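What follows is a single structure, written as structure tokens, with notes after it.
Because only heavy atoms are used, hydrogens play no part in the values below, and waters and symmetry mates are left out as well, while side chains stay in. Not measured: the values here are computed from a predicted model.
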Amino acid sequence: MSRRKRASIGTSSSHSGYWANAWGRLKKNKSAIVSLILLILMILVAIFAKYVSPYPYDLQNPAEAYQSPSAQHWLGTDNFGRDILSRIIYGGRISLFVGFFSIFFAIIVGGILGAVAGYYAGKIDNILMRTMDILMAIPGLLLAITLAAAFEPGLRNVIIAIGVAEVPFYARILRSSVLSLKEQEFIEAARCIGASDKRIILKHIIPNCLAPIIVQSTLGMAGAILSVASLSFLGLGIQPPTPEWGSMLSNARQHILNYPHMVVFPGLAIMLTIFVLNILGDGLRDALDPRLKD
Amino acid sequence: MANKHFLEIKDLSIHYKTDSGLVKAVNNLSLNLDKGESLGLVGETGAGKTTTALGIMNLIPDPPGIIASGEIFLEGENILMLNRQEMRKLRGNKISMVFQDPMTSLNPVMSVGKQIAESIQIHEKLSKVEAEKRAVDVLEMVGIPGERFNEYPHQFSGGMRQRVVIAIALACKPDLLIADEPTTALDVTIQAQVLDLISNLKREQNTSMILITHDLGVVAEVCEKVAIMYAGELVEYGTLDDIYNHTKHPYSIGLFASIPNIYSEEKRLTLIPGLMPDPTDLPEGCSFCSRCNRAVEQCKVHNPALVETDPGHFVRCIHYEEGGAL
């Protein structure tokens with residue numbers, strides 16, 4: 001198996017050098033690989049929640065309420081006697097989904113706005129970036145709360161609410177990278193071989209600002225997971241009985257002194273996810289920059 | 001009159017609008033270049049050499065730059081009249097440029113092979129695979145083994161990178177190559193190699209070339225024609241022999257005098273006193289007059305025209321003007 005894997009990497013490196021090289025460098029970073037494996041595991045568990053979780057997430061059993069971790073309920077049960085492990089597994093679906101798609105939304109929208117603002121400069125730049133400044137002046141969570149409150153609570157609106165709050169960050173990163181990159185000689189050289197604006201932005205500028213974007217997006221994903229937890233904690237996010245880590249925390253906080261396991265495990269799940277994303281983001285930054293010598 | 005020259009620049013003036021005033025970077029510059037010929041464009045820093053080159057590429061950054069007047073004909077077609085798309089087709093295909101610093105003129109996150117293939121892909125309807133195959137050939141043409149196709153610029157030395165830059169410029173067999181101080185960032189042995197490479201490839205592909213440099217030695221080695229620029233103007237222009245052996249303009253004479261000579265032992269090199277005038281405030285008369293040892297009163301008010309003293313040898317100096325104060 002491992003030999004086959006190596007062989008396939010060998011051939012791919014001769015075709016698509018950039019990604020194969022990045023993968024080669026990422027492999028050397030043990031903590032990043034561990035994080036990647038953990039993240040993939042989390043995603044798989046979330047996707048196959050139906051088969052992995054020991055109980056349905058909404059199965060109430062008042063007779064077994066407030067149980068501490070045991071062989072039947074590995075992470076104990078909550079005030080309705082629901083299995084916490086199952087709820088965390090299902091909750092991961094929401095957190096990862098929202099985290100990924102809200103950042104995806106923010107990168108696409110913010111990236112395009114930032115790249116256009118930086119590349120064309122002048123009036124367009126001013127209009128776009130002042131709008132971003134206005135968005136940035138409102139605290140991200142407050143903006144998300146406002147948007148979530150304005151629309152009805154629900155998965156899609158939570159994604160948009162969190163995504164919109166993140167847009168200005170990506171717009172700024174991309175704009176500043178583009179501003180410094182477009183003055184560089186290799187961009188002028190690209191213009192000299194007759195490359196179009198679109199080609200220059202897509203092939204020369206974007207790959208050169210990938211590193212800060214990837215780092216920001218893994219950090220942002222962690223932030224988004226926290227935001228969705230906060231929104232749910234406030235009751236504006238995912239509505240019960242759908243489990244979500246933040247709403248689990250919110251729900252358990254009345255019992256924190258008597259039954260701390262109800263708070264600890266969802267909290268740990270949030271922490272672990274964010275930790276893994278941060279380590280992976282760091283590793284990716286190093287790996288994606290071919291200028292860093294091996 | 002028909003445009004019989006391959007490249008013909010007529011009365012080109014390029015200005016930059018800045019907060020401190022109008023910078024007159026290039027003023028009424030006229031040049032001709034025939035197919036396969038090389039022209040050395042010599043001048044000190046700020047004389048407008050690179051601006052001229054960018055003008056030919058039609059890549060003057062706008063704003064702040066504007067082409068105030070003039071025409072540039074390439075094979076009889078005024079390229080300043082072309083729209084953006086037509087101009088893009090020309091760049092890299094008919095005209096290409098080699099930049100000064102190979103450290104910054106390559107994209108650091110794109111393999112060198114891909115960068116060469118890119119130029120081929122833009123201009124020729126080839127599949128990615130075919131373009132990359134051609135790129136390997138081009139890479140080998142500049143003396144880099146094809147196996148290094150997938151390597152990144154940081155894995156190459158300065159001289160090798162400049163070869164890659166040359167490979168990109170020559171990938172589509174351009175008719176005109178503009179080399180903007182291609183050897184300034186390299187050490188002397190590599191300079192010689194790169195110059196040899198450029199002149200050999202140029203000869204093979206019958207490419208015309210404009211070589212921009214400070215180095216009169218380099219020009220003597222590679223070019224047939226020389227143009228000396230000062231404060232955005234041509235001051236002397238002619239064949240290699242005209243300029244090197246029959247130097248006429250006081251500025252050119254000063255330039256040659258400031259080069260160390262291995263035959264004579266001198267403690268100090270001769271220099272031209274003073275600095276080039278501020279391009280936002282060029283003098284009314286000859287722009288060189290404040291530094292010129294042959295300046296006369298009239299120089300301050302009268303900017304002489306470029307006059308042909310011998311066939312093909314042009315000088316802009318009052319002493320050679322008809323009826324001038326010789």
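- The environment of B/K17 atom NZ is sparse: at most 12 non-hydrogen atoms of other residues, nucleotides or ligands sit within 6.0 angstrom.
- Top candidate by heavy-atom pairs under 4.5 Å with chain A, chosen from B/I95, B/L106, B/I168, is B/L106.
- Residues A/H204 and B/Q115 have side chains that never bring a donor and an acceptor to within less than 3.5 angstrom of each other.
- Side-chain contact between A/C192 and B/F99: present, with at least one pair of heavy atoms (C-beta onward) separated by less than 4.5 Å.
- The shortest heavy-atom contact between A/F186 and B/P108 is CE2-CD, 3.6 Å.
- Note that CE of B/M97 and CD1 of A/I193 are 13.5 Å apart. Values are rounded to the nearest 0.5 Å.
- The parts of B/S119 that come within reach of chain A are both its backbone and its side chain, each placing non-hydrogen atoms under 4.5 angstrom from that chain.
- Across every non-hydrogen atom of B/S105 and A/A189, the tightest pair is O-CB, 3.7 Å.
- Note that CD1 of A/I205 is 9.5 Å distant from CG of B/N107, once rounded to the nearest 0.5 Å.
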Next on the checklist: Evaluate B/K114 against A/K203 for side chain to side chain contact (heavy atoms under 4.5 Å, CB included), listing each step before the verdict.
Outcome noted: CA-CA 11 Å; B/K114 286 247 171 68; A/K203 294 249 172 178; over 6 Å; no
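- Among residue pairs with one or both ends in residues 112-124 of chain A, those qualifying as side chain to side chain donor-acceptor pair (under 3.5 Å) are A/Y119-A/R191, A/Y119-A/D197, A/Y120-A/D197; sequence neighbours excluded.
- Interface with chain A: from residues 44-61 of chain B, residues B/L54, B/M57, B/L59 qualify, criterion being any non-hydrogen pair under 4.5 Å.
- Proximity to chain A at a heavy-atom threshold of 4.5 Å picks out B/R84, B/R88, B/R91, B/G92 from residues 79-94 of chain B, in numerical order.
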Scan the side chains in residues 95-116 of chain A for donor-acceptor partners under 3.5 Å anywhere in the protein, sequence neighbours excluded, and list what turns up.
from, atom 1, to, atom 2, distance (Å)
A/S95, OG, A/G91, O, 3.4
A/S95, OG, A/E244, OE2, 3.1
A/S102, OG, A/V98, O, 2.7
A/S102, OG, A/G99, O, 3.3

